[in-house]
Amino acid sequence: MANIRPLVASLDIGTSRVRAIVGERNEKSQIEIIGVGDVPSMGMKNGIVVNIEACVRSIGQAIEAAEMMSGREVKTVWAGIGGSHIEGINSRGVVAITGRNGESRGEINETDMARVIEAAQAVVIPMDKQRLEVIPQTYIVDNQRDIREPIDMLGTRLEAEVHIITCSITSAQNLIKCVNRAGFPVNDLVLQILAAGRAVLTSEEKETGVALIDMGGGTTEMMVYTQGAPYSTYTVPLGGFDVTNDITYGLKIAFDTAEDLKKKAGCCWDELIEDGASVDVPGMGGRPPMSVSVAHLYQIILPRMEEILGMARDKLVKLSQSITRPLGGGIVLTGGGAQMPGIVELASEVFGMPVRVGSPLAIGGLESEYRRPEFAAAVGLVIEGNEREIGTASKQSPEGKKIEDGRPGFWSRLGNWIKGEMF
Ligand SMILES: Nc1ncnc2c1ncn2[C@@H]1O[C@H](COP(=O)(O)OP(=O)(O)OP(=O)(O)O)[C@@H](O)[C@H]1O
Ligand SMILES: [Mg+2]
């Protein structure tokens, strides 16, 4: 019998869509995507479950679609988490290094690394929040700054700078509960924007400094990288849903009609609009169809797009007081909203920086299915899941590093506990 390749599956439960990806680990331990599911999301709002039954159904449908395409059966999933409840803070910890015989200077070892990361986590986290990720940024050995790999270095004092990401415990529990109810244990929850970064950003961009902006349906999430590691996590509580809502009110048409119209003729850069261009849209409640000028649609869309990008820019301006170097890698846009014509031009104007749309980099398998900006998080989740499963995550890049503080098992234990409650 031929060897069956191990399976890695991911689930990106968004406000607009639920996406599942099934990947096979090849002989080189790399992922090849063999199944993709992409279905409308029901029961989610701004990254929070608002209707368990509806959410469970969407999850089931997405995984089933990916299973059908791949011909394989999903056993467990790596699930993404995002939304307005996510917060990021920077912290630092310091420990003394002692030699084997108690000298005041010694070689830094794995235990020292674990101790300094533990020390850096000594920040007060609100009762309703839980650490989701603890990502080392840089280390300082004695007075030497910007060290990435301090292991084996000699020193008396080791300091670590880390980015801590927290999420709402209730939101995480409800998400796990939905995935479990759909029939799948959760290996772990991973921050969606962090996963998206894995899929679309190059190491050079992260090194030079870059802001990744995921333009989702409910929220717009931003992760700023400097010197190869995440420096700031920020959520704008607005997304494509709000743009569609503006069209709904502006033109007095149904939400679904407005959504179709936005995707068909929406634009946020006037130079791309043809003179006199218009589209026909069905009227609401049996009213006759009407003709909408593309220029009028643009005027409805533009203020909201400017507001969303402007809020992200304001955050970057605040950050520029603490980030010493400018973001040489500019802005990378992902998510469904990054597909709007004119978005690169508008964002370049708002940020005054180079902008590109980030589709997942090729990783093998069904490229035409997943190389779209809205698949960034789902693809990143499967890459991250694969690396965590084979235990190389910590060797890849700073954001892949998992801190052994007992936390990695927390979400799976929580999931099992919820499962135990249910079954
Ligand atoms: N071609 C397009 N032009 C403009 N907007 C688009 C286009 N395609 C999709 N969108 C918008 O992108 C949004 C959905 O993006 P995405 O699928 O990344 O969101 P999500 O992951 O479900 O939501 P969230 O991340 O906020 O939970 C919707 O608001 C949709 O209208
Ligand atoms: Mg999303």
Side-chain angles (χ1 to χ4, degrees), residues 10-21 36-50 54-55 58-59 62 79-86 167 171 175 178 190-197 199-200 212-223 233-248 255-269 272 279 294 297-298 300-302 304-305 308-309 312 332-344 346-347 357-360 370 372-381:
S10 73
L11 197 54
D12 171 16
I13 309 161
T15 303
S16 304
R17 313 285 301 179
V18 177
R19 299 191 175 92
I21 287 198
V36 170
D38 180 9
V39 303
S41 175
M42 302 293 167
M44 289 289 289
K45 202 173 174 203
N46 302 346
I48 290 170
V49 180
V50 290
C55 187
S58 301
I59 291 169
I81 185 166
S84 305
H85 59 99
I86 301 289
C167 68
S171 303
L175 209 58
C178 289
V190 179
L191 182 67
Q192 275 162 7
I193 182 92
L194 199 60
V200 306
L212 175 67
I213 301 180
D214 181 42
M215 309 190 72
T219 52
T220 301
E221 285 164 48
M222 178 165 79
M223 171 77 78
T233 311
Y234 179 66
T235 304
V236 175
L238 298 168
F241 178 89
D242 300 278
V243 178
T244 306
N245 236 2
D246 292 345
I247 301 172
T248 304
F255 185 87
D256 289 351
T257 313
E259 178 73 9
D260 289 346
L261 177 64
K262 181 178 81 171
K263 289 185 188 163
K264 195 167 139 197
C267 174
C268 57
W269 192 249
L272 300 177
V279 269
V294 176
L297 183 62
Y298 158 81
I300 297 174
I301 291 173
L302 184 68
R304 187 66 81 178
M305 296 299 284
I308 294 172
L309 295 173
V332 177
L333 302 173
T334 60
Q339 295 204 71
M340 179 168 285
I343 190 75
V344 170
L346 179 66
V357 170
S359 287
Y370 67 80
R372 287 184 275 143
E374 65 269 37
F375 269 99
V379 171
L381 282 165

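This is a predicted model, so every value here is computed, not measured. Counting convention: from 1, in listed order, for ligands and their atoms alike.
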Protein contact of [atom] - nearest heavy atom, named by residue and atom, plus distance:
atom                    : answer
atom 1 (N) of ligand 1  : Gln339 CB, 3.6 Å
atom 23 (O) of ligand 1 : Gly217 N, 3.0 Å
atom 5 (N) of ligand 1  : Lys262 CE, 3.6 Å
atom 26 (O) of ligand 1 : Gly218 N, 2.8 Å
atom 17 (O) of ligand 1 : Arg19 NH2, 2.9 Å
atom 28 (C) of ligand 1 : Ser16 OG, 3.7 Å
atom 18 (O) of ligand 1 : Gly336 N, 2.9 Å
atom 27 (O) of ligand 1 : Thr15 N, 2.7 Å

Under 4.0 Å from ligand 1, counting heavy atoms only, is it the side chain of Lys264, its backbone, both or neither?
-> neither

Donor-acceptor check, side chain of [X] to backbone of [Y], threshold 3.5 angstrom: yes or no?
X      : Y      : result
Ser171 : Cys167 : no
Thr15  : Gly217 : no
Asp260 : Thr257 : no
Arg19  : Glu374 : yes
Ser58  : Ala54  : yes

So, do Met215 and Ile343 sit near enough that their side-chain heavy atoms are less than 4.5 Å apart?
-> yes

From Ile193 atom CD1 to Ile86 atom CD1, the distance as rounded to the nearest 0.5 Å = 10.5 Å

Does Gly216, backbone or side chain, put an N or O under 3.5 Å from an N or O of ligand 1?
-> no

Where ligand 1 meets [X] - atom numbers and elements under 4.0 angstrom, heavy-atom basis:
X      : answer
Phe241 : 29 (O)
Glu259 : 28 (C), 30 (C), 31 (O)
Arg17  : 17 (O), 22 (O)
Gly335 : 18 (O)
Thr219 : 26 (O)

Within the 3.5 Å criterion, strictly below it, is a donor on [X] or [Y] matched to an acceptor on the partner's side chain?
X      : Y      : answer
Asn46  : Ser84  : no
Glu221 : Thr235 : no
Asp12  : Gln192 : yes

Compute the minimum heavy-atom distance from Ser41 to ligand 1 and say whether it is under 4.0 Å.
-> no

